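A quick write-up on the structure given underneath.
The structure presented is a predicted model; accordingly, all values stated were derived computationally and were not measured.
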Amino acid sequence: MNDSIFYQQGLTWDEYFYSMQSNQRLMARHIAFCRLSDADRAYWQQATHVAHVLVFTEDYCPDSVHAIPPLIAIHQVAPFDLRVLRRDEDPDRMRAVTGDPFPRVPTFIFYDKNWQEIG
């Protein structure tokens with residue numbers, strides 16, 4: 001992963017959210033109800049070890065509708081950049097990045113400031 005792929009090809013969360021076709025309202029509802037505890041909020045506000053988070057997803061995926069809202073709650077307080085790539089638009093990239101021959105969505109990849117994968 002690098003700046004070019006992440007920033008030029010990845011969608012911001014807002015770009016992805018507003019382009020959703022089938023689950024936008026359900027995603028919005030789940031995000032509205034997802035809250036961090038005070039301890040989690042404090043942890044993520046200070047979490048400088050995560051600089052970038054890449055999400056591979058698809059709008060029609062029910063697992064994404066349930067798994068992404070906690071990440072968005074974290075992103076609202078954490079100092080990391082978030083980008084979204086649609087798996088079906090570039091499956092070869094997802095296979096290359098994840099090393100998984102049968103990539104599943106959603107997939108979250110956490111990077112440090114030097115683009116080293118940390119989770």
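Using a 4.5 Å heavy-atom cutoff, the side chains of Phe108 and Leu71 are in contact. Here the side chains of Trp44 and Val50 are in contact, with some heavy-atom distance below 4.5 Å. In this structure, the side chains of Phe17 and Leu11 stay at 4.5 Å or more apart for every pair of heavy atoms. The closest side-chain heavy-atom distance from Ile109 to Glu117 is below 4.5 Å.
Shown here are the ring pair (Phe, Tyr, Trp, His ring centres under 6.0 Å) partners of His52, two or more places apart in sequence or in another chain: Phe6, Trp115. In this structure Gln46 satisfies the side chain to side chain contact (heavy atoms under 4.5 Å, CB included) test with no other residue, sequence neighbours excluded. Listed by chain and number, the residues in a side chain to side chain contact (heavy atoms under 4.5 Å, CB included) with Thr48 amount to none (sequence neighbours excluded). With sequence neighbours excluded, no residue forms a side-chain hydrogen bond (donor to acceptor under 3.5 Å, both in side chains) with Arg83. Not counting sequence neighbours, the partners of Asp81 by the side-chain hydrogen bond (donor to acceptor under 3.5 Å, both in side chains) test are Tyr7. Under the rule for a side-chain hydrogen bond (donor to acceptor under 3.5 Å, both in side chains), Gln45 has no partner lying at least two apart in sequence or in another chain. Contacts of Ala51 classified as side chain to side chain contact (heavy atoms under 4.5 Å, CB included), with partners at least two apart in sequence or in another chain: Lys113. Among residues two or more places apart in sequence or in another chain, the ring pair (Phe, Tyr, Trp, His ring centres under 6.0 Å) test is passed with His49 by none. Residues satisfying the side chain to side chain contact (heavy atoms under 4.5 Å, CB included) test with Gln116, not counting sequence neighbours, are Asp112, Asn114. In this structure Glu89 satisfies the salt bridge (Lys or Arg N to Asp or Glu O under 4.0 Å) test together with Arg86, sequence neighbours excluded.
Within the structure, side chain to side chain donor-acceptor pair (under 3.5 Å) contacts touching residues 94-108 (residues at least two apart or in different chains) are Asp92-Arg95, Asp100-Arg104. For residues 29-39, the pairs satisfying side chain to side chain donor-acceptor pair (under 3.5 Å) are Ser37-Asp40, with sequence neighbours left out.
In the hydrophobic clustering of this structure, Ile68 groups with Phe80; members are Ile, Leu, Val, Met, Phe, Trp, Tyr whose side-chain heavy atoms approach within less than 4.5 Å, directly or through other members. No path of Ile, Leu, Val, Met, Phe, Trp and Tyr side chains, each step under 4.5 Å between heavy atoms, connects Leu82 with Leu54, placing them in separate hydrophobic clusters. Following chains of ILVMFWY side-chain contacts shorter than 4.5 Å, one can reach Val55 starting from Tyr18, so the two form part of one hydrophobic cluster. Residues Met27 and Ile72 are members of one and the same hydrophobic cluster, defined by side-chain heavy-atom contacts under 4.5 angstrom among Ile, Leu, Val, Met, Phe, Trp and Tyr. In the hydrophobic clustering of ILVMFWY residues, with side-chain heavy atoms under 4.5 Å counting as a link, Tyr60 and Val84 come out apart.
For the pair Ala47 and Pro79, the tightest heavy-atom approach, listed with the atom from each and the gap, is O-CG, 3.6 Å. Of all non-hydrogen atoms in Pro69 and Ser64, the two that sit nearest each other are CD-O, 3.9 Å. The two residues Asp63 and Val105 make their nearest non-hydrogen contact at CB-O, 4.1 Å.
The line from SG of Cys61 to CZ of Arg87 is 7.5 Å long, rounded to the nearest 0.5 Å.
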Yes or no on side chain to side chain contact (heavy atoms under 4.5 Å, CB included) for Leu36 and Val77, after CA distance, side-chain angles and deciding distance? CA-CA 10 Å; Leu36 297 176; Val77 299; 3.9 Å; yes
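The aromatic rings of Tyr16 and Trp13 lie tilted to each other, with the angle between the two planes from 30° to 60°.
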